Number of protein chains: 2
Amino acid sequence: MLDIVRQDNDEGSSGADRVFTFFRDRLLSGELKAGDRLLGERELALALGVSRPVLREALRSLAMLGLLDIRHGRGAYVRSADASVLGQALTLCLAPEPNILDDVLQARIAIECQAIRLACVRASERDLQAIAALLDTLVDSLDDPERGGGADYAFHLAIVRASGSGALMKIYEAISPLLMRSHVERRRDTFREPAITSGLVDAHRQVFLAMAERNPDAAERRLREHFEIGDGLRRNNLISTYQAQGTNT
Amino acid sequence: MLDIVRQDNDEGSSGADRVFTFFRDRLLSGELKAGDRLLGERELALALGVSRPVLREALRSLAMLGLLDIRHGRGAYVRSADASVLGQALTLCLAPEPNILDDVLQARIAIECQAIRLACVRASERDLQAIAALLDTLVDSLDDPERGGGADYAFHLAIVRASGSGALMKIYEAISPLLMRSHVERRRDTFREPAITSGLVDAHRQVFLAMAERNPDAAERRLREHFEIGDGLRRNNLISTYQAQGTNT
DNA sequence: GTCAGTCCGTGGTCTGACCACTTTAGGCCG
DNA sequence: CGGCCTAAAGTGGTCAGACCACGGACTGAC
């Protein structure tokens with residue numbers, strides 16, 4: 001009867017597409033906010049002039065994209081946009097790509113180096129204090145690969161957050177899961193060597209100090225150095241791994 | 001009968017989720033390649049032990065994510081992962097964010113600055129030649145905002161491509177549509193002023209030369225300068241726009 | 001007042017049918 | 001014999017109605 005969706009530019013596309021676009025646009029325009037509850041499927045189908053299966057195809061698609069939270073017996077709720085979707089999409093896009101890990105690391109360096117520049121200018125005192133606190137946590141958790149890896153990530157994440165750029169933040173969060181695994185693993189291999197761990201702490205401290213001094217160039221340079229060292233360690237690990245394999249077999 | 005999907009970890013999730021995950025994993029593992037044709041919906045539903053509506057919910061979701069190309073009367077075909085999905089996801093994630101445009105620009109700077117560093121090391125002679133050719137195109141199309149904007153974008157895109165990093169490339173493509181509009185518009189406002197256009201060409205040329213010399217630091221610095229100038233122009237445009245509004249109204 | 005059972009509204013699934021599009025194979029006509 | 005046209009088969013697209021499963025709320029008994 002109402003056929004609300006018909007108003008949109010909908011030629012050629014199937015009903016589910018129309019409904020999908022309908023809701024997506026409402027989400028983009030802010031007409032639907034996180035936490036809102038949708039009407040029941042039967043009512044919605046009636047209101048939008050489609051059958052329930054078609055409506056469900058659209059709703060399910062939105063749920064797969066993380067835009068909707070559909071709960072059995074409760075209803076469908078609008079969910080705040082989540083970086084996990086981005087991460088999934090990225091994973092799918094990068095799946096056919098070779099040596100993804102190194103590649104994603106490059107993206108991480110890109111984001112962080114720009115973020116720290118912005119952070120030098122825009123970070124509030126509170127941001128800096130938070131980062132300093134995470135630096136302490138980093139020192140405290142040197143002997144635990146699990147906690148140490150988490151603290152390391154939290155430190156870098158705080159820098160990106162301090163940049164005040166939502167876009168950088170979202171992209172960083174999206175690529176993080178892809179890095180996490182290797183991150184913790186590498187730490188597991190190196191946390192027993194005092195030379196490395198002390199260097200690690202020092203590198204982080206240097207980065208923080210440059211940021212506290214609001215010096216973008218220095219901050220980026222030190223961050224890059226930190227990454228280079230990490231990259232060097234990774235190579236060494238690879239080499240020693242192969243050497244171990246060579247001697248064992 | 002066959003219930004192929006049941007084998008997966010499927011507790012708690014609904015049927016459509018199971019089927020969705022089933023196909024997503026086959027896509028990630030490469031078991032399903034781009035161009036492959038899926039079985040008919042009726043056969044698939046039977047094979048996977050679900051009803052057709054449920055199967056369709058999953059298939060439609062995959063299609064919405066750009067992983068499947070479903071054509072009426074033909075069948076469902078696996079589609080190669082596309083950056084457009086990423087772009088859509090990014091748009092959705094960033095929708096609630098304030099001043100998205102400036103934010104996304106920061107992401108662009110981040111990607112490009114890292115990409116050009118990599119490109120300085122990894123770009124092939126062919127890559128450099130391609131970029132040089134685009135530089136020529138840039139010069140040729142100075143008087144046409146539309147073509148000029150396109151050439152500008154092509155130039156920067158070629159740099160990212162020359163980085164050899166698929167991840168950087170995908171992310172760059174994902175954020176590009178968000179930038180395109182403002183890009184062309186800005187050009188429309190400035191292409192009549194020789195001082196600006198000549199500066200524009202010169203900036204691009206400087207960037208290219210530093211890259212050709214394989215000098216990452218210089219290349220990044222010049223690229224950053226290029227962005228800063230663009231940012232300054234954007235501000236001036238905003239100011240003059242407000243001034244014009246003030247006098248006209 | 002608290003707890004249990006029941007009822008209602010919700011999403012989840014199924015069946016079977018019909019429509020619309022595409023392709024193809026067969027027959028008809030030149 | 002060859003080309004065109006038509007009809008049939010296969011495919012996705014849609015629909016209607018029914019039933020199940022889950023969650024919360026109401027109500028009754030204790």
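All values derive from a computational prediction rather than experimental measurement. Chain naming here is simple, since letters A, B, ... match the order of the sequence lines and numbering starts at 1 in each.
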Quiz item: Are A/Leu38 and A/Phe23 close enough that some pair of their side-chain heavy atoms sits under 4.5 Å apart?
Solution: yes
Practice problem: Just call it for B/Arg71: base, sugar-phosphate, or nothing, with non-hydrogen atoms closer than 4.0 Å on any strand. | Solution: sugar-phosphate
Exercise. Mind calculating the distance between CG (A/Leu44) and P (C/dT10) to the nearest angstrom?
Key: 11 Å
Practice problem: Answer yes or no: does a side-chain N or O of A/Arg56 lie under 4.0 Å from OP1 or OP2 of C/dG12? | Solution: yes
Practice problem: Let me know, please, whether B/His72 or A/His72 comes out on the 5' side of the other along DNA chain C by nearest nucleotide. | Solution: A/His72
Quiz item: Quick one: which of C/dC14, D/dG12, D/dT14 gets closest to the side chain of B/Glu41?
Solution: D/dG12
Quiz item: Which listed nucleotide (C/dC14, D/dT14, C/dG12) is nearest to the side chain of B/Arg52?
Solution: D/dT14
Quiz item: A/Leu38 has an atom CG; how far is it from atom C1' of C/dT10, in whole Å?
Solution: 13 Å
Exercise. Rounded off to whole Å, could you give me the CD-to-P distance for the B/Glu57 and C/dT13 pair?
Key: 7 Å
Quiz item: Are any of the side-chain heavy atoms of B/His156 and B/Leu223 separated by less than 4.5 Å?
Solution: yes
Quiz prompt | First of B/Arg74 and A/Arg74 reached from the 5' end of DNA chain D, by closest nucleotide | solution = B/Arg74
Quiz prompt | Nearest non-hydrogen partners of B/Leu94 and A/Ala167, listed with the distance | solution = CD2-CB, 3.8 Å
Exercise. Could you please name the option among D/dT11, C/dC14, C/dG12 that lies closest to any side-chain atom of B/Arg42?
Key: D/dT11
Quiz item: Toward the 5' end of DNA chain D, which comes first, B/Pro53 or B/Gly40, by nearest nucleotide?
Solution: B/Gly40
Practice problem: Figure out the CG/C1' separation between B/Asp69 and C/dC21, and round it to whole Å. | Solution: 15 Å
Quiz prompt | Closest to side chain of A/Glu43, choosing from C/dT13, D/dT14, C/dT10 | solution = C/dT10
Quiz item: With respect to the side chain of A/Val54, which nucleotide from C/dT15, C/dG12, D/dT14 is positioned closest?
Solution: D/dT14
Quiz item: Going by distance alone, is a donor N or O of one side chain under 3.5 Å from an acceptor N or O of the other, for B/Ser141 and B/Asp144?
Solution: no
Exercise. Classify the side-chain pair B/Tyr77/B/Arg71 by whether it contains a donor and acceptor separated by less than 3.5 Å.
Key: no
Quiz item: Which part of the nucleic acid, if any, lies within reach of A/Leu39 when heavy atoms closer than 4.0 Å are counted: base, sugar-phosphate only, or nothing?
Solution: sugar-phosphate
Exercise. Let me know the distance between CG of B/Leu48 and C1' of C/dC14, rounded to the nearest Å.
Key: 16 Å
